[in-house]
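Structure record follows, encoded as structure tokens.
All heavy atoms count here, side chains included; hydrogens, waters and symmetry mates do not. Here is how names work: the chains are called A, B, and so on, in the same order as the sequence lines, proteins then strands, and each is numbered from 1.
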Number of protein chains: 2
Amino acid sequence: MAQPDLQHRILEMKQALLDRGVSLTPRREKLLEVLIASDNHPSASEIHEGVRRYYPGTSLATIYNTIELLKETGQVLEIEFSGAANRYDGRIPDSHPHLICLECERVDDLQLPEDDGSLGEIAKATGYQIVRRRTDYYGICPECQIKQGGAAPSKGGDSTSDL
Amino acid sequence: MAQPDLQHRILEMKQALLDRGVSLTPRREKLLEVLIASDNHPSASEIHEGVRRYYPGTSLATIYNTIELLKETGQVLEIEFSGAANRYDGRIPDSHPHLICLECERVDDLQLPEDDGSLGEIAKATGYQIVRRRTDYYGICPECQIKQGGAAPSKGGDSTSDL
DNA sequence: TTAAATGCAAATTTTTTGCGTGATG
DNA sequence: CATCACGCAAAAAATTTGCATTTAA
């Protein structure tokens, strides 16, 4: 759970905060730990609960406040949702695609590389100055497929091509 | 403004609603018109204002209600945002990429084709049953670049490769 | 006349903000 | 002692829901 690269990420984030001139309070350090330890892109509320186990008095506003600092320093990727709470990716803070389960709301990283070359082409074709890309794949995760009574996901089942 | 294909889209949407068994009330017909007439992916509130010009008593709840029907019949694409209102694409209701201006919040369709073949590969690689994809490019639109005092967008300027 | 459509207002949810207090360098 | 961190509570904003009424097939 405390893999070396995850520890390294925590150090990176701490350094980024220090470089920005803010102080590393115990609550903030704990927040970084909780964020990085989570396997599933936690929401602000989930981070709050995690921090509260160690600092029960912590308020949600402080969580949002610190997340804002992390966003400003490029140390966390905010995955925005409309009806639901936003989710945060501290392990890989740069834009990358995600898989989102419509059933259980889990968010997984997608490891396949994106075609970054197309960004330049799109800028050229549209005149937009492009800052970042968001790509999400919405579907049903393997666990939820099983729960729904379907056969095993079988790694290559019939993917709907509904889009 | 009332291009033939746009008229056709309205007819398609009406038929889809009828097929679903709901009635085409005047308010709903006007909503379709407003949605399709808008060049810039209107929000529920903007649609509301448009409908209100003809039916002043219309409530926002009715707008949301009808949008929900359109979503259920696959006749509108909802582009969700966290801090801001969701936007709706009735002209092209199937998943396709969008360009979103961080400055003025305009939303443009991106015409470049997406690689749909990769959906199957991703399903195979992850076990997810994939339903749809969302791809958004966030940046600064040509107009806002000019307003910000930069040189003309020049169709191919330095696109930031920040992501 | 039965069910659907609608307006209105309240409720929900997430995130932000204002203000006062306390810790810290 | 001046600033930053923080808790608390209120505010904001978008969307949903409950309920009563009107409309319409």
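For B/T62, the side-chain atoms get nearest to C/dG7 when compared with the rest of D/dT15, D/dA5, C/dG7. The side chain of B/Y64 lies closest to D/dT16 when the candidates are D/dT16, C/dT16, D/dC4. Here D/dA5 is the nucleotide among D/dG7, C/dT15, D/dA5 with the atom lying nearest to any side-chain atom of A/R28. Side-chain proximity of A/S59 to the nucleotides C/dG7, D/dC8, D/dA5 is greatest for D/dC8. Nearest to the side-chain atoms of A/A61 among the listed nucleotides C/dT17, D/dC4, C/dT15 stands C/dT17. Looking at the side chain of B/S23, the nearest of the listed nucleotides D/dT15, C/dA5, D/dG7 is C/dA5.
Note: CZ (A/R87) to P (C/dT15) measures 11 Å, nearest angstrom. As a whole-Å value, the separation of B/Y55 OH from C/dT6 P is 11 Å. Distance, A/L24 CG to D/dC6 C1': 16 Å, rounded to whole Å. One can place CD of A/E80 at 14 Å from P of D/dA14, the figure rounded to the nearest angstrom. Atom OH of A/Y88 is separated from atom P of C/dT14 by 11 Å (rounded to the nearest Å). Rounded to whole Å, the distance from CG on B/L18 to P on C/dA4 is 15 Å. Rounded to whole angstrom, the span from the CD atom of A/E68 across to the C1' atom of C/dT14 amounts to 15 Å. Following rounding to the nearest Å, A/I79 (CD1) and C/dT15 (P) show an atom-to-atom distance of 13 Å.
OP1 or OP2 of C/dG7 sits under 4.0 Å from a side-chain N or O of B/R27. Checking the phosphate oxygens (OP1, OP2) of D/dC6, a side-chain nitrogen or oxygen of A/T25 falls inside 4.0 Å. The side chain of B/N65 places no N or O atom within less than 4.0 Å of a non-bridging phosphate oxygen (OP1 or OP2) of D/dT16. For A/N86, a side-chain nitrogen or oxygen approaches OP1 or OP2 of C/dT15 to under 4.0 Å.
Where B/G21 and A/A84 meet DNA chain C, the nucleotide closest to each residue was compared, and B/G21 sits on the side nearer the 5' end. Both A/F81 and B/L69 lie close to DNA chain C; mapped to their nearest nucleotides by heavy-atom distance, the more 5′-ward contact belongs to B/L69. Judged by closest nucleotide on DNA chain D, B/K71 is the one of B/K71 and B/P26 placed further toward the 5' end.
Between B/D109 and B/H96, the side chains place a donor N or O and an acceptor N or O closer than 3.5 Å (distance only, hydrogens not considered). There is a side-chain donor-acceptor pair under 3.5 Å between B/E103 and B/Q148.
The residues B/R91 and B/D89 are annotated as not salt-bridged, no charged nitrogen and carboxylate oxygen being separated by less than 4.0 angstrom. Ion pairing of A/E33 with A/K30 is present here, as a side-chain N (NZ or NE/NH1/NH2) and a carboxylate O approach within less than 4.0 Å.
Across all strands, B/S43 comes closer than 4.0 Å to no nucleic acid atom at all (heavy-atom distances).
For the side-chain contact (heavy atoms from CB on, under 4.5 Å) criterion with B/R28, the lone passing option out of B/V51, B/N65, B/T62, B/L70 is B/N65.
Within a 6.0 Å sphere centred on CD of A/E105, other residues, nucleotides and ligands contribute 12 heavy atoms or fewer.
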